Structures are given as structure tokens and as C-alpha cells.
2 protein chains.
Amino acid sequence: MIDPADLAHLKEIPFFQRMSDSELRKVSALARARSLEADEFFYLQGDPAEMLFLLKAGRVKLIQNSADGQQILLRMIGPWSLFAVVALVEGAVYPVSAQAVEPSLALYWTKNALMELVREIPGLALNAMQMMSERVQEYQDRLRELATERVERRLARALLRLGSQAGKRVPEGILIDLPLSRQDLAEMTGTTLFTVSRILSQWEAQNIILTGREKVIIRFPHGLVRIAEDLP
Amino acid sequence: MIDPADLAHLKEIPFFQRMSDSELRKVSALARARSLEADEFFYLQGDPAEMLFLLKAGRVKLIQNSADGQQILLRMIGPWSLFAVVALVEGAVYPVSAQAVEPSLALYWTKNALMELVREIPGLALNAMQMMSERVQEYQDRLRELATERVERRLARALLRLGSQAGKRVPEGILIDLPLSRQDLAEMTGTTLFTVSRILSQWEAQNIILTGREKVIIRFPHGLVRIAEDLP
DNA sequence: CGCTACGTTGACGTCCCTCAATTTCGGTGG
DNA sequence: CCACCGAAATTGAGGGACGTCAACGTAGCG
């Protein structure tokens, strides 16, 4: 289910680090593939966590909803990123929903496959732990940000992060290469689309960025860094 | 280093779940103990993560600092809770600081001991993963809260949580049994001590709570639930 | 070419932060 | 035991950041 060219990619991923070739073959043998159209969901928040995914192509949003319909956008997943690591945990349910924002293709492993892999590959659980601990740290940082910093800084940081994850060099600067509405940015930074719109307009006037419909191009990253770091 | 009475406690802790008695003995054999006065630190944010702790007595604050001196209070640890699970991860540093708020006693395992345990007890890494995934979920929830809810709701929720974790029945209601300043509550909920003070005064006037210096007693939990759930 | 979703901008309100003045509480030492 | 000190807490005034709502552009798509 994984073609040989993919094996090289697998080796780059922290989750599959320090595995022998035979272990990697085992891993690929148990993988399945699933492809989704834009706007379809890999899974919904609250579903039993039965599959672990590795995105091969496309983009995926991880969204969390509250009981009263509020939602936030926790992260954007790009190619060769793993998501739904929670599937490794006994009896867990997905704590977020995963929605494709473009036509997407993902490899996945079912619960059974994962249990087999964990049993046979001793380092796997440790690698998973490492990923989770990075996630914990990231969320701790973002909690502090959200609790103590104002919208401008959070938005600047979000754009820089997106730029480094999904940035693409274009003549005008660095294009954030995914469909990204003002609403999306608002849900990522804990504000409203109006505030995002105002701030982006202001930054555009200062020539820090270039905006368009569901599009942001960073012209002077350093301008954003200055705002993110709260410098003069 | 662990007396037999403690073994019974260990079995209750998710991290040590599904272990044989011989494995548990192994675990206890490798434990060491450390006791701290109030205000001392078990470790500081940024230190290499070399020990995993299990609090036996006392209270510990987990604090995160930003470069510019802002800080938030991520969680309060009570007896028989594990903290610094990140020590299981290769090369990690502590992402938060752990400060005793009372005289405290903790068992700990060093990196070496942990590596030995992980090698010999296959389920350990999975248990750790489970703890971490719970932590990830908790932080995701709190991110959404912080991003979408106003201070009153967050504060009500924080008090309810503290009440269920560290609540002690007293004649007047449920006492949150730890020294808890307005500043602490502010750092837990992402606001200022002034706002906390105002809200608590207001709730006291409505007879929902009783406050004192570094003390909160919940008289009518349902009043807080109403606020936390945003009911009429 | 018109529909729809996305985006912009203004006016207005409010939640909450900031700062200052004052009070209360608890511990300490005379 | 009381006086005193410092830390914690309260309260008020004022302002600013940001949310809310409405009206109006605008781009993409059928």
C-alpha cells in the first residue's frame, strides 16, 4: 500500500525514527489509503479513535467544537505530517475533527494494525510519546500566548508559523499556500474575522503583507517578527 | 524507598496500571524521595528533563514563563499525581517550572531508572502515552475556552475544577484546600487579579461563594455551574 | 451575468485592563 | 498582647482593545 518512493519519506518522520528497514516494511504493509474531496472529514470530534493518519497530499484542518457551537482551528496539517496520534491510546475518542480543505490523500493504520505494530516495534510507543510531548508543549505555549498577548502579536505569530509550514516563494514574497479565510485566521488566533480583517488591512498599508481572497503573501517577514516579538 | 502501604496507592495511578506485582516492586525499588519547603522548586522551565515525579504530600504549581516575564499557572498538582512525564522523552527539557506551594514530599525516578523501567515493562510507554494524550485534550479544551469564553465563565470553571480536585467539606461549603491568591486565579484563567477580585466580590454578594485571604469556599456549586454553562 | 460567500469599513458598545488610593489580614517582634 | 509591617485584597475612575452589528464592496463560480 506504500510505494517504495514513500519509504524514503517515512524515514524522515519522527514517528518512524530509528526503525530498521524490515520494521518499516512491516509498517507499510499494514497501511491503507483514503482520499477525500475538499470539505470532507477524515473523522469527527467524539468518534472512537480508530485510525492514525499520515497525510500524503492535500491540507487538513484540525477543528475543535464546543457544546454551544463555538469552534477554534487548532492546527493545519500538511503533507507528510501525522495526525490522530491519539488512536494509539486504548479506548480514546478523537478530541477534534479533521477536515480536508483541499482534495487530500492520506495513509492510515487501523487500531488493529497499530496494536500489532506497537507490539512488534519496541521504539514505536516512545516515538509516539515524543510527538505527544511536543504537542503538549506547543499547546502550553499557545495557552500562555492567548492568555497574555494581544491579537496583533498572536496574528503575526500565526502568519509566521503558517509561512514556515506552508510557505511558497513567489515573486511578491512568501505565499501562504492554502485557502485561508479571515474567519480561519480568527479561529486560529482567538479573535473575530473583523479584527483580523482590520489588522491585515493595516499591515497591507504598511507593505508588510499582501492580501487577497483567502490568500496572504508575506512581503517583509521581519515586519511580522517585530510585531510578534513586540519590538519598537 | 517506597513503603508497602504506598504500593496500594501506586496501583490506583493510571501510569502504573496493568502492572504485575513484581513490576511494581521494580518500580518502587528505583524510586528516590525528595522533600521541599514551600516556595522551593522541583525544577525550572528549561532545565534538562531528568526526573519524573510523583507527589506524595503537599501541593505543587506548574508555571510557564514567557521571555518577557509574563507567566501563567497551568495546573495545580495534588498528592498521588504524577508530574514531569516529559522526562520519559529523549533529550527533552522541562517546558514549565514546578514550585511547591506547601512543604511537599515527592518520589522521583531519574532518567536512568526510567530507561530501565521502560525497557523492562512493556506497557509503561503506552501508559505514559495515555497520560499525555489526556493532557493534550485538556489543553485543547482550555485553548478553546480561553479563545471563546469570557472571564466569568473561565473563572467559574476553574473554581469548580479546583473544588473537585482539592475540595474539602467544611461547615460553610466546599473549601478549596490550598493557598490560592487572586493573582494565582488570574494566572490560571488568563486575566488580572483585579478582575478576579471584582468577580469574586460579586459572587460573594450573591452568596455563591465565601472568600478570604488566599481562600475560597464554594457555598452553592450550582451557582457556579450556572455561570460556567452560561445558563439563565 | 447574477448569486453567493468572502471581505472591508464604520459606528458603537462593553468587557476588561491599567493605575492609584485605601483597607484588610496575618504574621512578627517588641 | 498589641503595634506594626508587608502582602493581599478591594474599589473606583478612566481608557483602550476588541467584539458586535450593519451596510456595502468584490471576487469567483455556475
Side-chain angles (χ1 to χ4, degrees), chain A residues 37-39 61 68-73 99 101-103 144-156 158-159 176 178-206 209-217 227 230, chain B residues 37-39 61 68-73 101-103 144-156 158-159 175-176 178-206 209-217 227 230:
Chain A
E37 297 305 310
D39 297 339
K61 273 187 198 176
D68 58 349
Q70 302 263 44
Q71 74 174 39
I72 62 169
L73 208 169
Q99 182 178 30
V101 299
E102 306 172 354
R144 187 181 36 67
E145 268 184 44
L146 207 49
T148 65
E149 294 172 4
R150 47 191 55 169
V151 176
E152 280 209 342
R153 289 184 77 171
R154 305 201 304 263
L155 185 56
L159 289 182
I176 293 173
L178 34 87
L180 196 66
S181 68
R182 304 293 178 265
Q183 177 69 33
D184 290 331
L185 283 169
E187 286 175 9
M188 297 185 69
T189 50
T191 181
T192 62
L193 70 110
F194 305 100
T195 300
V196 169
S197 177
R198 270 182 251 274
I199 294 175
L200 293 188
S201 299
Q202 182 189 325
W203 288 348
E204 184 152 30
Q206 299 169 227
I209 60 172
L210 245 167
T211 68
R213 188 193 178 83
E214 304 201 312
K215 186 178 73 176
V216 177
I217 298 174
I227 295 162
D230 201 21
Chain B
E37 297 304 309
D39 296 339
K61 272 186 198 176
D68 57 349
Q70 303 263 45
Q71 74 175 38
I72 62 168
L73 207 169
V101 299
E102 307 172 352
R144 187 180 36 68
E145 267 185 44
L146 207 48
T148 65
E149 294 171 5
R150 48 192 53 171
V151 175
E152 279 209 344
R153 288 185 77 171
R154 306 202 302 265
L155 185 56
L159 288 182
L175 167 69
I176 293 173
L178 34 87
L180 196 66
S181 69
R182 305 291 179 267
Q183 177 68 33
D184 290 331
L185 283 169
E187 286 175 8
M188 297 185 70
T189 50
T191 180
T192 62
L193 73 113
F194 306 101
T195 300
V196 170
S197 176
R198 270 182 251 274
I199 295 175
L200 293 188
S201 297
Q202 182 189 325
W203 289 346
E204 184 153 29
Q206 300 169 226
I209 59 172
L210 245 168
T211 67
R213 189 190 179 83
E214 304 201 311
K215 185 178 74 176
V216 177
I217 298 174
I227 295 162
D230 203 21

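Note that these values count all heavy atoms, side chains included, but never hydrogens, waters or copies made by symmetry. By convention in this document, chain letters (A, B, ...) are assigned in the order of the sequence lines, proteins followed by strands, and residues within each chain are numbered from 1. Everything numeric here is computed off the predicted structure, so don't read it as measured data.
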Open item on the list: How would you summarise protein contacts on nucleotides 20-25 of chain C per nucleotide, using B for base, S for sugar-phosphate only and - for none, with heavy-atom distances below 4.0 Å?
Closed with: B----B
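Distances shorter than 4.0 Å separate some side-chain N or O of A:Thr191 from OP1 or OP2 on D:dG19. One finds no side-chain N or O of B:Ser181 lying less than 4.0 angstrom from the OP1 or OP2 phosphate oxygen of D:dA8. For B:Thr211 and D:dA9, the shortest distance from a side-chain N or O to OP1 or OP2 is not below 4.0 Å. Under 4.0 angstrom from either OP1 or OP2 of D:dG19 there lies at least one side-chain N or O belonging to A:Thr192. Phosphate contact (OP1/OP2 of C:dG7, side-chain N/O of A:Ser197, threshold under 4.0 Å): absent.
Looking at A:Ser181 and A:Glu214, their side chains never bring a donor and an acceptor atom within 3.5 Å of each other. Residues A:Gln70 and B:Glu149 have side chains that never bring a donor and an acceptor to within less than 3.5 angstrom of each other.
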TODO: Please lay out, stage by stage, how B:Ile209 and B:Ile217 fare under the test side-chain contact (heavy atoms from CB on, under 4.5 Å).
DONE: CA-CA 6 Å; B:Ile209 59 172; B:Ile217 298 174; over 6 Å; no
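Looking only at side-chain heavy atoms (C-beta outward), A:Arg198 and A:Gln202 stay at 4.5 Å or farther from each other.
Checking C:dC16, D:dA8, C:dC6 against every side-chain atom of A:Glu214, the shortest atom distance belongs to C:dC6. Considering only side-chain atoms of A:Arg150, the nucleotide from D:dA17, C:dG7, D:dT11 that sits closest is D:dA17.
Here B:Asp184 does not pair with B:Lys215 in a salt bridge; the nearest charged N to carboxylate O distance is not below 4.0 Å. Between B:Arg153 and A:Asp68, at least one side-chain nitrogen of the basic residue sits less than 4.0 Å from a carboxylate oxygen of the acidic one, meeting the salt-bridge criterion.
Straight-line distance from the NZ atom of A:Lys215 to the C1' atom of D:dG28: 13 Å, rounded to whole Å.
A:Arg198 comes within 4.0 angstrom of a base, heavy atoms only.
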